Amino acid sequence: MHSVVSRRETSPESAPAPAVTIGDVALERPRNRDHGDWASNVAMKIAKRVGANPRELAAEIAGELAALDGVASVDVAGPGFINITLDAAAAGAVAKKIVDSGARYGENDSLAGQTINLEFVSANPTGPLHIGHTRWAALGDSLARVLKAAGATLVSEFYINDAGNQMDNFGASILAAAKGEPTPENGYPGEYVTELSVRVLELVPNLLELPADEALALARETGYQLQLGEIKQSLARFNVHFDVWFSERELHAIDEATGRSGIDGAIDRLRAQGHVYDSDDAVWVKTTDFGDDKDRVIRRGNGIFTYFAADAAYYLSKGDRGFAHKIYLLGADHHGYVHRLKALAGAAGDDPDKDIEVLIGQLVSINGAKLSKRAGNIIELDDLQSWLGTDALRYSLGRYPADSPLTLDPEILQKRTNDNPVFYVQYAHARTHSVARNAADSGVTREVFDAALLTHETESILLGTLAEFPRIVRQAAELREPHRVARYAEELAGSYHRWYDNCRVTPLGEEEVTDVHRTRLWLNDATGQVLRNALALLGVSAPERM
RNA sequence: GCGCCCGUAGCUCAGCGGAUAGAGCAAUUGACUACGGAUCAAUAGGCCGGGGGUUCAAAUCCCUCCGGGCGCACCA
């Protein structure tokens, strides 16, 4: 089909208008089943430019399409839609293809050749992860999986903000707790600090006998390692994987040979590009050249670098490490940063519109969620997870686009019913296994696959849904919207349940096993495979029994 | 004041410029001595925040107003 339509677009004698591009050629699955298996609006798109009547043009294209193998019928509808219906054998072939492809079905090469660094969560290692981090963790990890499935070379990265005076405040808080003193000014409250102090004292029994500065440093460093370990464990339990844990301290570290840090080098490089100037004893980056509303200080009058300086060095480090494309996933409370990051890209000589991409996630709230007393009245990832379970939590956060503000209802998240889409999808998957087990017991095998036997309306719909999966994955990757995979999984689960209600895989009672049963087993197994692949992209388990 | 995001069914939310705007929940009513009823079938529920514009075609793109969230540091 593609070939005929594109020939129409590119062949000089049949389509003389040069302004027509491949982007005009849309072939999509119509929402309404009455409009066939595939539909195209190409005739309406190009009619004006080629000076033709859209309906006549559509009829001409339809005539060519109808002659193709596997096409059952082609109709022209409405203002010039071309509706294509495949015959059962052509539509059914996808079931075998899916079973043969296995876990790789859905992968595509739309992002092949792209090297992407995806940074998300990047929490300060001074306390537990909260509900905001939880959403970015779920979305970021799923996005990473989707981008890989689309063929990108991808590294997921956690930037550890382990430099700066919040670390000193953190250390001072632990030290104070160890002494039984109240939380210092600008310190971190919460019982977890006390818990950390107990563990620090176990590791450093003589902490309180050391000189003050030494004790502070030890409290800070020991507490940091313990807290970072907690964060890593929380994320691992949440099925979230990072390829790289990047320490901000690396950027501050002084090179023995040159006596300079990565940040020094970064400022030099930005200066060489002509985007750095000195004023009022401070060093500034001319971010207004790139759309920021004011220039930003990168080195203060007192000689101390701002946070922005580390950001600059970090950005450059990503490019130095071979990542042409950098994606940042930030919370809405950091959206003021977008201009600055874009400006960094521009100041570094990159293209701010192509080489850096900043995704802003809106805030999430959960009605009635318990605030964590131990972490100072935040909602903790660990609490949410033990309360709702990894699958329900990841799925619930993963099925909404990042830019939509979200309010979750814990009553529903806890229900193991249709109310909760994750169980609806997982149940469909478990059901495919149940059906396969029963088929094996009844002597139904996959020895025969005759796609022409898949003629029931629910089979046609199910096959159509299955065929769409690679397109969904590609779209989710290109739009950076992993939630599309979840929505698709729900649609597929629905198509499967309805098929199950209408079409049996195992024969009833004394009925003989026929090729219809055998072929349906392929369809059943194909559905299980795609549900499994979709859930895997979301980091959610696909149980065989529930 | 400036900037970003959001406003779609009673609720929570999908919706790539296309055909009669969808799903789940909540409400009402049905279907198992048939592969798991954690399922399925059906009914009802909408000036897609308001108003302009672009287009053959707008929930979708542009402008404007209203409402909500967030941000505007020589903090990190």
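All values below were derived from every heavy atom in this structure, side-chain atoms included, with hydrogens, water molecules and symmetry-related copies excluded. All values reported here derive from a predicted model rather than from experimental measurement. A, B, ... follow the sequence lines: proteins, then strands. Residue 1 opens every chain.
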Do any N or O atoms of the protein come closer than 3.5 Å to N or O atoms of nucleotides 12-14 of chain B, and which pairs are they?
| from | atom 1 | to | atom 2 | distance (Å) |
| --- | --- | --- | --- | --- |
| B:U12 | O3' | A:Thr407 | O | 3.1 |
| B:C13 | OP1 | A:Pro405 | O | 3.3 |
| B:C13 | OP1 | A:Thr407 | N | 2.4 |
| B:C13 | O2' | A:Arg487 | NH2 | 2.7 |
| B:A14 | OP1 | A:Ser404 | OG | 2.9 |

Side chain A:Asn502 and base B:A41 donor-acceptor under 3.5 Å: no
Contact summary for A:Arg520 and A:Trp499, nearest pair of heavy atoms: O-CH2, 3.6 Å
Touch class at under 4.0 angstrom, heavy-atom based, for A:Ala332 against every strand present: sugar-phosphate
Touch class at under 4.0 angstrom, heavy-atom based, for A:Gly78 against every strand present: nothing
Base of B:G71 paired with side chain of A:Asp333 (donor-acceptor, under 3.5 Å): no
Sugar-phosphate, base or nothing in reach of A:Ala436, heavy atoms under 4.0 Å: nothing
Touch class at under 4.0 angstrom, heavy-atom based, for A:Asn53 against every strand present: nothing
Sugar-phosphate, base or nothing in reach of A:Leu508, heavy atoms under 4.0 Å: base
OP1 or OP2 of B:G37 under 4.0 Å from side-chain N/O of A:Tyr500: yes
Flag, side chain of A:His429 to backbone of A:Pro543, donor-acceptor distance under 3.5 Å: yes
Distance test, side-chain N/O of A:Lys294 to OP1/OP2 of B:C74, below 4.0 Å: yes
Below 4.0 Å: OP1/OP2 of B:U39 and any side-chain N or O of A:Arg498: no
Aromatic centroids of A:His334 and A:Tyr328 separated by under 6.0 Å: no
Nearest-angstrom distance, C1' atom, B:U43 to B:C6: 33 Å
Sugar-phosphate only, base, or nothing, as touched by A:Gln475 at under 4.0 Å among non-hydrogen atoms: base
Atom pair CD1/NE2 of A:Ile461 and A:His456 - distance to nearest 0.5 Å: 9.5 Å
Face-to-face contact A:His35 to B:A19 six-ring, under 5.5 Å, under 30°: yes
Sugar-phosphate only, base, or nothing, as touched by A:Asp280 at under 4.0 Å among non-hydrogen atoms: base
Flag if over 12 foreign heavy atoms under 6.0 Å of CD, A:Glu457: no
A:Arg431 side-chain N/O to B:G37 phosphate OP1/OP2 under 4.0 Å: yes
Gap separating the CD atom of A:Glu357 from the CG atom of A:Leu329, nearest 0.5 angstrom: 10.5 Å
Euclidean distance for C1', B:C48 against B:A42 (whole angstrom): 26 Å
Pi stacking test for A:Phe81 and B:G18: under 5.5 Å apart, planes under 30°: no
Nearest-nucleotide pick for A:Arg504, side chain only, options being B:A34, B:U39, B:A19: B:A34
Six-ring centre of A:Tyr500, A:Arg431 cation under 6.0 angstrom, axis tolerance 45°: yes
Residue whose closest nucleotide on RNA chain B lies nearer the 5' end, A:Ala439 versus A:Phe308: A:Ala439
Watson-Crick or G-U counterpart of B:A34, or none if no pair lies under 3.5 Å: none
A:His339 NE2 to B:G71 P, straight-line distance once rounded to whole Å: 16 Å
A:Ile131 CD1 - B:C70 P separation (whole Å): 14 Å
Spacing of the C1' atoms in B:A44 and B:A57 (rounded, Å): 30 Å
Proximity to the side chain of A:Asp501 - top-ranked nucleotide from B:G36, B:C40, B:C75: B:C40
Under 3.5 Å side-chain donor-acceptor pair for A:Asn124 and A:Thr126: no
Residue whose nearest RNA chain B nucleotide is more 5′ - A:Glu468 or A:His497: A:Glu468
Pair A:Tyr488-A:Gln475, side-chain donor/acceptor within less than 3.5 Å: no
Closest to the A:Tyr424 side chain, choosing from B:C40, B:C5, B:G36: B:C40
Between B:A19 and B:A23 - P atom distance, rounded Å: 15 Å
Between B:U54 and B:C62 - C1' atom distance, rounded Å: 7 Å
Whole-angstrom distance between B:G45 and B:U39, as gauged at atom P: 25 Å
Pairwise P distance for B:A58 and B:G49, with rounding to whole Å: 16 Å
Any A:Arg437 side-chain nitrogen or oxygen under 4.0 Å from OP1 or OP2 of B:G36: no
